[in-house]
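Below: one structure, written as structure tokens.
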Amino acid sequence: MDKGVFITFEGGEGSGKTTQINRLAESLTHKGYKVITTREPGGTPEAEKIRDFLVQREGGDWSPMAECLLLFAAREMHYNRIIKPALDEGKIVICDRFTDSTRAYQGYGHDLDLNKIEQLKLISLGDVEADITYILDIDCKEGLARSGRRLSATQINNEAQREDRFENLDTSFHERLRQGFLDIAKNAPQRCHVIDASQPLDDVEQDIFEIMLTKLGG
Ligand code: T5A
């Protein structure tokens with residue numbers, strides 16, 4: 001491939017993104033494609049530092065707009081230093097979360113104006129979007145139960161390093177997220193594919209791989 005393929009995985013907590021990314025990367029590598037996997041927030045040393053602020057419990061109490069600015073600061077470096085160069089080399093880049101997570105979490109979840117999110121995206125990334133986005137859809141309680149995390153903020157303990165600041169929000173937040181991801185998919189049907197993530201692992205993997213093969217032309 002002259003130009004690579006940019007694939008993103010999106011969805012609520014515990015929807016199985018990491019598991020499926022690893023499986024897809026392995027299958028594509030086996031077929032001879034050059035694949036890199038990466039994640040957001042993160043992907044560069046600088047962006048991993050921003051991740052620590054945002055996802056660890058003692059990383060600070062950021063407003064939704066401040067979170068959004070930090071996320072796009074991290075994303076701008078991640079895209080330009082890691083993702084774009086790999087795509088230019090013809091690689092397949094699989095990224096765990098990207099701009100749709102900001103739309104869903106900060107926009108739908110935390111009620112930040114979606115137009116402001118799009119403006120910040122345009123300033124930092126221009127018209128960059130993934131070529132293929134998989135939205136792993138699952139009932140939020142099931143997803144949280146899978147990842148062993150909690151629905152209520154009332155059970156704080158002192159494990160400061162746990163990455164659960166976003167997960168540690170009430171059920172309605174997670175339901176807004178789910179609806180947000182489904183709206184995003186509805187508005188970008190060429191790019192987004194909603195996958196029923198409540199299925200057994202192998203079935204989810206198969207759905208994802210079939211779409212991938214169609215996009216890669218067999
Ligand atoms: N965030 C991120 C924002 O608010 N805005 C943004 O712009 C961005 C980019 C970190 C946090 O940052 C927020 C969102 C997040 O809260 P993250 O690291 O992706 O994002 O965190 P999580 O989504 O919480 O990651 P998880 O590890 O919980 O979920 P995954 O990766 O979706 O799920 P995975 O693969 O680790 O699976 C969880 C468990 O379920 C099992 C797995 O074996 C594992 O034990 N599982 C299944 N079990 C049965 N059947 C299946 N089909 C299964 N699939 C997986």
Side-chain angles (χ1 to χ4, degrees), residues 8-26 37-44 47-48 50-57 59-60 62-79 83 94-112 114 116-118 120-121 124-125 128-130 133-151 153 161-170 173-174 176-178 180-181 184 195-208:
T8 57
F9 276 70
E10 299 281 2
E13 315 295 331
S15 53
K17 299 181 307 305
T18 312
T19 309
Q20 295 299 336
I21 285 169
N22 291 337
R23 286 181 174 218
L24 180 62
E26 199 179 316
T37 61
T38 186
R39 69 169 182 180
E40 291 213 343
T44 68
E48 289 290 332
I50 290 180
R51 180 186 181 94
D52 292 345
F53 290 139
L54 291 174
V55 305
Q56 288 181 5
R57 188 169 314 154
W62 302 93
S63 70
M65 177 51 91
E67 280 177 357
C68 191
L69 290 164
L70 287 170
L71 285 159
F72 277 113
R75 187 164 297 137
E76 189 274 335
M77 291 190 70
H78 184 208
Y79 182 76
I83 297 172
I94 311 180
C95 188
D96 192 339
R97 302 193 181 280
F98 200 63
T99 306
D100 293 325
S101 279
T102 311
R103 294 176 174 123
Y105 279 77
Q106 281 63 47
Y108 288 84
H110 289 304
D111 208 21
L112 185 62
L114 291 168
K116 288 188 178 160
I117 294 175
E118 295 309 320
L120 289 172
K121 186 234 156 186
S124 54
L125 292 173
V128 168
E129 295 286 352
T133 296
Y134 292 106
I135 293 185
L136 301 196
D137 181 53
I138 191 167
D139 174 81
C140 62
K141 285 184 184 156
E142 200 180 329
L144 284 158
R146 273 186 189 171
S147 61
R149 286 163 175 159
R150 302 169 315 221
L151 282 169
Q161 297 307 305
R162 278 182 60 162
E163 286 197 341
D164 63 358
R165 200 168 73 77
F166 286 91
E167 293 85 343
N168 203 13
L169 290 158
D170 65 22
F173 173 83
H174 292 282
R176 287 199 300 282
L177 282 188
R178 185 182 189 192
F181 280 122
I184 290 165
I195 305 289
D196 176 2
S198 67
Q199 302 176 92
L201 278 171
D202 290 348
D203 294 355
V204 178
E205 179 184 7
Q206 195 181 336
D207 285 358
I208 289 168

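In listed order, ligands and their atoms are each counted from 1.
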4.0 Å heavy-atom contact, R39 with ligand 1: no
R23 vs D202, salt bridge (charged side-chain N to carboxylate O under 4.0 Å, His left out): CA-CA, chis, key distance, verdict: CA-CA 10 Å; R23 286 181 174 218; D202 290 348; 2.8 Å; yes
Under 3.5 Å: N/O of R51 near N/O of ligand 1: yes
Side-chain donor-acceptor contact under 3.5 Å, E129 with T99: no
For S147, atoms of ligand 1 separated by under 4.0 Å from a heavy atom: 28 (O)
Mode of R75 contact toward ligand 1 - side chain, backbone, both, neither (heavy atoms, under 4.0 Å): side chain
Any donor-acceptor pair under 3.5 Å from E40 side chain to R51 backbone: no
Ligand 1 atoms in contact with Q106 (distance to a heavy atom under 4.0 Å): 3 (C), 4 (O), 5 (N), 6 (C), 7 (O)
For D96, the ligand 1 atoms whose distance to one of its heavy atoms is below 4.0 Å: 19 (O)
Contacts of type ring-ring contact (aromatic ring centres under 6.0 Å, His included), residue F98, not counting sequence neighbours: F6
Side chain proximity check, L54 to W62, heavy atoms < 4.5 angstrom: yes
Identity of the nearest option to atom 17 (P) of ligand 1, non-hydrogen atoms only, from R97, H78, E40: R97
Ligand-residue contact atoms, ligand 1 with L201, heavy atoms, under 4.0 Å: 51 (C), 52 (N), 53 (C), 54 (N), 55 (C)
Sequence-distant partners of Y134, ring-ring contact (aromatic ring centres under 6.0 Å, His included), two or more places apart: F9
Test applied, side-chain hydrogen bond (donor to acceptor under 3.5 Å, both in side chains); reference residue, T8; option that passes from D100, T133, D96: T133
Heavy-atom side-chain contact between D203 and D207 under 4.5 Å: no
Numbered atoms of ligand 1 (with element) below 4.0 Å of T19, judged on heavy atoms: 34 (P), 35 (O), 37 (O), 42 (C), 55 (C)
K17 and ligand 1 - part of the residue with a heavy-atom distance under 4.0 Å: both
Numbered atoms and elements of ligand 1 in range of S101, under 4.0 angstrom, heavy atoms: 5 (N), 6 (C), 7 (O), 8 (C), 9 (C)
Within-shell test, P41 vs ligand 1, heavy atom, strictly < 4.0 Å: yes
N or O pair under 3.5 Å between V55 and ligand 1: no
Ligand-side contact atoms (ligand 1) for residue partner T18, heavy atom cut-off under 4.0 Å: 30 (P), 31 (O), 35 (O), 36 (O)
Geometric cation-pi criterion R75 and F72, 6.0 Å radius, 45° cone: yes
Polar contact flag for E13 and ligand 1 (N/O pairs, less than 3.5 Å): yes
Flag side-chain contact, heavy atom, 4.5 Å: T37 against L24: no
Numbered atoms and elements of ligand 1 in range of A197, under 4.0 angstrom, heavy atoms: 52 (N)
Validation row: C95, H78 side chains within 4.5 angstrom (heavy atoms): yes
Polar proximity ligand 1 side, L71 side, N/O cut 3.5 Å exclusive: no
